[in-house]
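Note: hydrogens, waters and symmetry copies are ignored here, and every other heavy atom, side chains too, is used. The chain is numbered in sequence order, starting from 1.
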Amino acid sequence: MRLKRISAVLLAAAAAAALAACGQDADSQKKESSGKAEEKSDKVLSVMTWDDNQAKGLQKILDDFTKETGIKAETGVVKWDEYWTMLDAGARGGTLPDVFWMHSNEAERYMTNGLLLDLTDKIEGSDKIDLANYPEDIVELYNNDDKQYAVPKDVDTIALWYNKKMFDEAGVEYPTAEWTWDDVFEAAKKLTKEDGSQYGLAMRNDNNQAGYYNMIYDNDGYIISEDKKKSGWDDPKTIEAMEMLESWIQAGVMPSLETMSENGEDVLFQSGKIAMTFQGSWMLAYFKDNEYTAENCDCVELPMDAETGKRVSIYNGLGWAAAANGENTEDAWKLIEYLGSKEAQIKQAELGVTMSAYKGTSDAWANSADFNLEAYLHMMDDMVIRPYSKTTVAWENKANEILKEVYAGDKTMADACREIAGFMNESLAEE
């Protein structure tokens, strides 16, 4: 049966059963009594993602694929945490979706365990896919032992979003490309109200790619060494950058961690509770479709470091992957090939789904909404790939937990950074 939209409150206990729903109905795969195979139009490829904001645009692209090939494909959405629980259950039960998103955090685990379809030969024989047309770093995220397991879907950079209405009311000038992180802090103090009804900005303890990672690399710090054998969390430059975040926490220009945990920065922003937030390009559909942000908000390049003059954007990119043991691998490849083609990548950009991975197609994305989206393109001038290793999930989760103590005032940022480094170095040594 067709893939159903799965609720965000999906219980882990139901994951295996839900994954089974991603596959084909057994009866629909039986041959008719006449011995003829069922018509291809009756098949439905299951396509799993975790971002509801992108679903509408992606389905339009899938519908184009169906018109071109006669192969039906339907997208389903499961929120981030439940998504990986569901894929893990599907991997164990042999019921992975036909096509799904892969992320740098998890790619190594899925590739090395033989769960993803090897696309190497298919790509070499394709007249639509040439990996030279995508950012090399994104291609490498999904390559293991010279075998390619996913085709790049998108590329993302980070920008500063601000509430023009709040800036006007406070008499504060709008952010510009010349702003430093110090300028952000000074503005945040002016935009924070003593009664707690409005804060200057928000940055959660787990907002690394869109948040403090950028500050760290601006300051010449780092998260992981190039050879992926050493943590940079205890590097003096890293600690110095994170202490800037600590000063924001102590100054009270951000909501409490409890408030930010209950409502993400995006929710606080679109509900008029914070004046500034740091968001990835993948959030465009959300802000464009929200009446409040569409009317009152805009974006600008990230601030730069006052001393180094650097303005880094941590970037990443998802990949389109297929299950190695899927029942529809040939059709799944045809869909991945189409999704990675210049034609589909341009449409993804034009629809404002997100910036596309195919080189030269993101200009269309910048024109897809009435925001200063050129800011995201400008952030491509100095990009650093999102730090990762085989055990990314383990050391990132540990960092998130330790940083909670800094937000609560129970630990200094310097001590937290050193503790994170210790755990991360142990994880890296085990890889």
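There is no side-chain donor-acceptor pair under 3.5 Å between T354 and D154. Inspection of the Q345 and N133 side chains reveals no N or O donor paired with an N or O acceptor under 3.5 Å. A side-chain donor-acceptor contact under 3.5 Å links Y174 and D168. Between the side chains of E401 and N397, no donor-acceptor pair of N or O atoms lies under 3.5 Å. For the 3.5 Å distance criterion, the side chains of T49 and D51 fail to qualify, holding no donor opposite an acceptor. For the residue pair T277 and Q279, a side-chain donor N or O sits within less than 3.5 Å of a side-chain acceptor on the partner. Neither side chain, Y110 nor N144, offers a donor N or O lying under 3.5 Å from an acceptor on the other.
By the neighbour-count criterion of 12 heavy atoms within 6.0 Å, atom NZ of K189 is densely surrounded, having more than that number from other residues, nucleotides or ligands. Within 6.0 Å of NZ on K390 lie no more than 12 heavy atoms contributed by other residues, nucleotides or ligands. Applying the 6.0 Å contact sphere to CG of D145 captures no more than 12 heavy atoms from other residues, nucleotides or ligands. No more than 12 heavy atoms of other residues, nucleotides or ligands shown are found within 6.0 angstrom of NZ on K273. Around atom CD of E136, no more than 12 heavy atoms belonging to other residues, nucleotides or ligands sit under 6.0 Å away. More than 12 heavy-atom neighbours from other residues, nucleotides or ligands sit within 6.0 angstrom of NZ on K359. A 6.0 Å sphere centred on NZ of K190 holds no more than 12 heavy atoms belonging to other residues, nucleotides or ligands. Atom CD of E140 sits in a crowded spot, with more than 12 heavy atoms from other residues, nucleotides or ligands closer than 6.0 Å.
M413 approaches L403 most closely through the heavy-atom pair SD-CD2, 3.7 Å. Residue D98 comes nearest to V44 through the heavy atom pair OD2-O, 4.0 Å, listed as atom of the first residue, atom of the second, then distance. The two residues G352 and S368 have their closest heavy-atom pair at CA-OG, 3.4 Å. Taking all atoms of both residues into account, the shortest heavy-atom contact from L377 to A366 is CD1-CB, 3.8 Å. E301 approaches A177 most closely through the heavy-atom pair OE1-CB, 3.5 Å. Scanning all heavy atoms of the two residues, the minimum distance from P387 to I224 falls at CB-CG2, 3.9 Å.
Between E246 atom CD and I239 atom CD1 the span is 11.0 Å, to the nearest 0.5 Å. Note that the CE atom of M86 and the OG1 atom of T95 stand 8.5 Å from one another [nearest 0.5 Å]. We find the SG-CG distance between C417 and D235 to be 10.0 Å, quoted to the nearest 0.5 Å. Here the straight-line distance linking atom OH of Y213 with atom CD1 of I314 works out to 8.5 Å at 0.5 Å rounding. Rounding to the nearest 0.5 Å places CG of L115 at 6.5 Å from CG of L96. With rounding to the nearest 0.5 angstrom, the CD atom of E307 is 8.5 Å from the CG atom of D182.
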**side-chain contact (heavy atoms from CB on, under 4.5 Å) assessment of E396 paired with Y388** = CA-CA 9 Å; E396 275 197 352; Y388 70 96; over 6 Å; no

**Request:** Under the salt bridge (charged side-chain N to carboxylate O under 4.0 Å, His left out) rule, what do D206 and R204 come out as? Steps first, then yes or no, please.
**Result:** CA-CA 5 Å; D206 56 358; R204 283 170 40 137; 2.7 Å; yes

**Request:** With side chain to side chain donor-acceptor pair (under 3.5 Å) as the test, would you mind laying out the steps for S389 and E431 before giving the verdict?
**Result:** CA-CA 9 Å; S389 75; E431 293 183 5; 2.6 Å; yes

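Under a 3.5 Å cut-off, the side chain of Y149 and the backbone N or O of G114 do not form any donor-acceptor pair. A donor-acceptor contact shorter than 3.5 Å is absent between the side chain of N105 and the backbone of V393. Looking at Q54, its side chain never comes within 3.5 Å of a backbone N or O of A285 through a donor-acceptor pair. In terms of modelled atom types and a separation under 3.5 Å, the side chain of D130 and the main chain of A132 share a donor-acceptor contact. Of the possible polar contacts, none joining the S313 side chain to the Y315 backbone as a donor-acceptor pair under 3.5 Å is found. Side-chain atoms of T66 come within 3.5 Å of backbone atoms of L62 as a donor-acceptor pair (strictly under, hydrogens ignored).
Ring geometry for W181 versus W248: interplanar angle of 30 to 60°, hence tilted. Taking the six-membered ring where tryptophan is involved, the planes of Y358 and Y134 are perpendicular, since the angle between them exceeds 60° and thus also 30°. Using cut-offs of 30° and 60° on the angle between ring planes, the pair F167 and Y162 is perpendicular.
With a 4.5 Å cut-off on side-chain heavy atoms, K398 and M424 do not count as touching. For the pair L339 and V151, the minimum side-chain heavy-atom distance is 4.5 Å or more.
Taking the six-membered ring for Trp and the full ring otherwise, Y222 and Y217 have centroids separated by 6.0 Å or more. Remark: aromatic rings of W161 and F371 are close, center separation under 6.0 Å. For Y376 and W365, the ring centers sit closer than 6.0 Å to each other. F287 and F269 have their aromatic ring centers within a separation under 6.0 angstrom.
Salt bridge present: R109 and E106 bring a charged side-chain N and a carboxylate O closer than 4.0 Å. A salt bridge does not link E337 to K334: none of the charged nitrogens lies less than 4.0 Å from a carboxylate oxygen. Contact check on K310 versus D382 returns no salt bridge, with no Lys/Arg side-chain nitrogen under 4.0 Å from an Asp/Glu carboxylate oxygen. Ion pairing of E419 with K411 is present here, as a side-chain N (NZ or NE/NH1/NH2) and a carboxylate O approach within less than 4.0 Å.
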